[in-house]
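Comments concern the structure below.
Just so it is clear, the structure is predicted and the values come from calculations on it, not from any experiment. So that the names make sense, note that chain A is the first sequence line, chain B the second, and so on, each numbered from 1. Every heavy atom of this structure was used, including side-chain atoms; hydrogens, water molecules and symmetry mates were not.
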Amino acid sequence: MPELPEAEVVRRGLARWATDAVAAELEVLDPRSLRRSPGGADALRERLRGARLAEPARRGKFLWLALAEGDDAVVVHLGMSGQILVDEPGAADQRHLRLRLPVTAADGSARELRFVDQRIFGGWWLDALRPDDAAGGERIPTTAAHIALDPLHPLFDPAAVHARLARRRSTLKRALLDQSLVSGIGNIYADEALWGARLHPERPTERMRRADTLRLMAAVQDVMRRALEVGGTSFDALYVNVDGRSGYFARSLAAYGRTGQPCRRCAAEGVDSRIVRVPFMNRASHLCPRCQPRPRRRRAAAADA
DNA sequence: AGTTCCTCCTGGTTGC
DNA sequence: TGCAACCAGGAGGAAC
């Protein structure tokens, strides 16, 4: 499940082949991967043909390839199961190959940028770039204008996140997954960061103290940096990098997917506490009930009246 | 207006 | 064994 670290691994891998490459004729094997692209396959194919690509950029889980001439970009979102693979022409088609973009790389070699996506939650779309004043004027696609700075962005401001978080009337994990508050976090890194900060996913946001938020944001940054160092988190055959290599962070997960296994932090204290899986929005959260205790019921507000 | 929740998808796994 | 139900979840937008 690609989140920020996996998207960044893809961006870096793609940079070598896409930066300054010249696109040829886009082949659309499944138009559903272009659902969000205005004008569909024809418009995107037309705009890409012969276009020179700039270095791939990213915010949160959104990736984009700016076109060197003009203010257009091809936005790429990996969704649940998307991969960008760089192959040599003639390499066997992958089972869920949806898009193929032949390019001439900067070194003159022929390559194909391939979009493989089993579940088709991801896609490519053509979009216009606009300056974002809140991010030092860097250009961002209009369809990502509402996406907040991610925890690895140089201008990311944890104190500003706290101010917005504490104003919400929601619960902590819901807020963490809201890409307009902090971007790049999905179910895996949400559970890992909450574990790292010893916070319960159902903690009311209005009860977050400044120190709680700062500790949580530090935990998010820490887990994302560690995941990035080892190529992200891969499960089964859902590869991460553009050459099909898996990341190794799955073995370092502390909470996600560890139902019934010992909490490592509690074990280090000599206590046997097991990770539990609790329902969350038709999905699941993973946490240690001992070091991430459920928040106490809010006291009746009688004194306020 | 802020927050919650349904829907889009496929294929591997589980259950009867 | 076969088939159906279930599960994974990012993000837009409908619903409340």
Side-chain angles (χ1 to χ4, degrees), chain A residues 1-11 28-38 40 58-64 75-84 93-99 115-125 127 140-148 150-151 161 163-194 201-208 220 224 232-240 250 253 255-260 277-286:
Chain A
M1 292 117 233
E3 303 178 28
L4 185 153
E6 293 73 38
E8 177 61 15
V9 167
V10 170
R11 192 197 68 77
V28 180
L29 293 92
D30 193 325
R32 289 177 297 178
S33 293
L34 300 183
R35 230 178 337 225
R36 294 190 67 185
S37 201
R58 180 191 59 75
R59 182 181 294 187
K61 306 169 196 172
F62 286 72
L63 291 165
W64 61 92
V75 184
V76 174
H77 201 293
L78 301 175
M80 270 295 296
S81 54
Q83 306 169 39
I84 298 271
D93 286 2
Q94 289 78 7
R95 181 164 179 203
H96 301 293
L97 180 63
R98 311 293 186 193
L99 304 170
F115 186 61
V116 176
D117 188 12
Q118 180 198 108
R119 273 168 264 189
I120 326 182
F121 277 20
W124 292 15
W125 61 93
D127 197 2
I140 186 154
T142 61
T143 52
H146 64 294
I147 301 298
D150 62 60
V161 170
R164 298 183 56 208
L165 178 67
R167 243 182 277 133
R168 297 205 171 187
R169 293 294 173 266
S170 186
T171 50
L172 190 50
K173 185 168 169 181
R174 275 188 167 80
L176 266 187
L177 294 175
D178 182 343
Q179 306 297 302
S180 68
L181 178 68
V182 182
S183 70
I185 304 173
N187 208 38
I188 296 174
Y189 295 103
D191 284 359
E192 293 301 303
L194 288 165
E202 299 299 329
R203 171 183 275 258
T205 47
E206 71 266 30
R207 288 176 58 193
M208 286 290 284
V220 173
M224 286 185 165
T233 303
S234 305
F235 295 115
D236 304 328
L238 295 179
Y239 298 121
V240 167
L253 294 174
Y256 182 87
R258 295 193 65 244
T259 309
R277 179 182 185 276
V278 299
F280 171 79
M281 292 177 67
N282 282 333
R283 284 158 201 165
S285 291
H286 307 77

Near-parallel close stack of A:Phe121 and C:dG10 base (under 5.5 Å, under 30°): yes

Quick check for you: among C:dG12, B:dC9, C:dG10, whose closest atom lies nearest to any side-chain atom of A:Lys61? C:dG10

Take atom CG of A:Leu177 and atom P of C:dA11, then tell me their distance rounded to the nearest Å. 10 Å

Using whole Å, what does the distance between atom P of nucleotide C:dA11 and atom CG of A:Leu4 come to? 11 Å

Could you tell me whether the phosphate oxygens of C:dG12, OP1 or OP2, come under 4.0 Å of any side-chain nitrogen or oxygen in A:His146? yes

Please give, in whole Å, the distance from B:dG2 P to A:Arg164 CZ? 10 Å

Rounded to whole Å, how long is the line connecting atom CG of A:Asp150 with atom P of C:dA11? 12 Å

Is the shortest side-chain N to carboxylate O distance from A:Arg58 to A:Asp150 below 4.0 Å? yes

Shortest non-hydrogen pair, A:Phe115 vs A:Gly82, comes out as CE1-CA, 4.2 Å

Whole angstrom is fine here: how far is it from CG in A:Asp30 over to C1' in B:dC8? 13 Å

Ring-plane angle category for A:His146 and A:Phe62, please: parallel below 30°, perpendicular beyond 60°, tilted otherwise. perpendicular

Phosphate OP1/OP2 of B:dG2: any A:Ser170 side-chain N/O under 4.0 Å: no

In a check of salt bridge (Lys or Arg N to Asp or Glu O under 4.0 Å) between A:Asp30 and each of A:Arg35, A:Arg119, A:Arg98, which one passes? A:Arg98

Taking all heavy atoms of A:Val9 and all of A:Gly232, pick out the closest pair and write down the distance. CG2-N, 4.2 Å

Just checking A:Asn282: base, sugar-phosphate only, or nothing, at a heavy-atom cut-off of under 4.0 Å? sugar-phosphate

B:dA1 phosphate, OP1 or OP2, under 4.0 Å from A:Arg169 side-chain N/O: no

Phosphate-side-chain proximity, A:Arg32 and B:dT10, N/O vs OP1/OP2 below 4.0 Å: yes

Between A:His96 and B:dG11, is there a contact of a side-chain N or O with OP1 or OP2 at under 4.0 Å? yes

Specify the residue among A:Arg168 and A:Arg283 whose closest nucleotide of DNA chain B lies further upstream toward the 5′ end. A:Arg168

Please give, in whole Å, the distance from C:dG12 P to A:Arg36 CZ? 5 Å

Separation of atom CZ in A:Arg119 from atom P in B:dT13, rounded to whole Å: 12 Å

So, is A:Arg95 near the phosphate of B:dG11, with a side-chain N or O under 4.0 Å from OP1 or OP2? yes

Looking only at B:dC9, C:dG9, C:dG12, the nucleotide nearest the A:Phe62 side chain is C:dG12

Between A:Leu99 and A:Leu97, what is the shortest heavy-atom contact and its length? O-CD1, 3.4 Å

So A:Tyr256, base contact, sugar-phosphate only, or nothing? Heavy-atom distance under 4.0 Å. sugar-phosphate

5' precedence on DNA chain C between A:Met80 and A:Trp125 (nearest-nucleotide basis): A:Met80

Considering just the side-chain nitrogens and oxygens of A:Gln179, establish if one lies under 4.0 Å of OP1 or OP2 belonging to C:dA11. yes

Atom CZ of A:Phe235 and atom P of C:dC7: how far apart are they, to the nearest Å? 18 Å

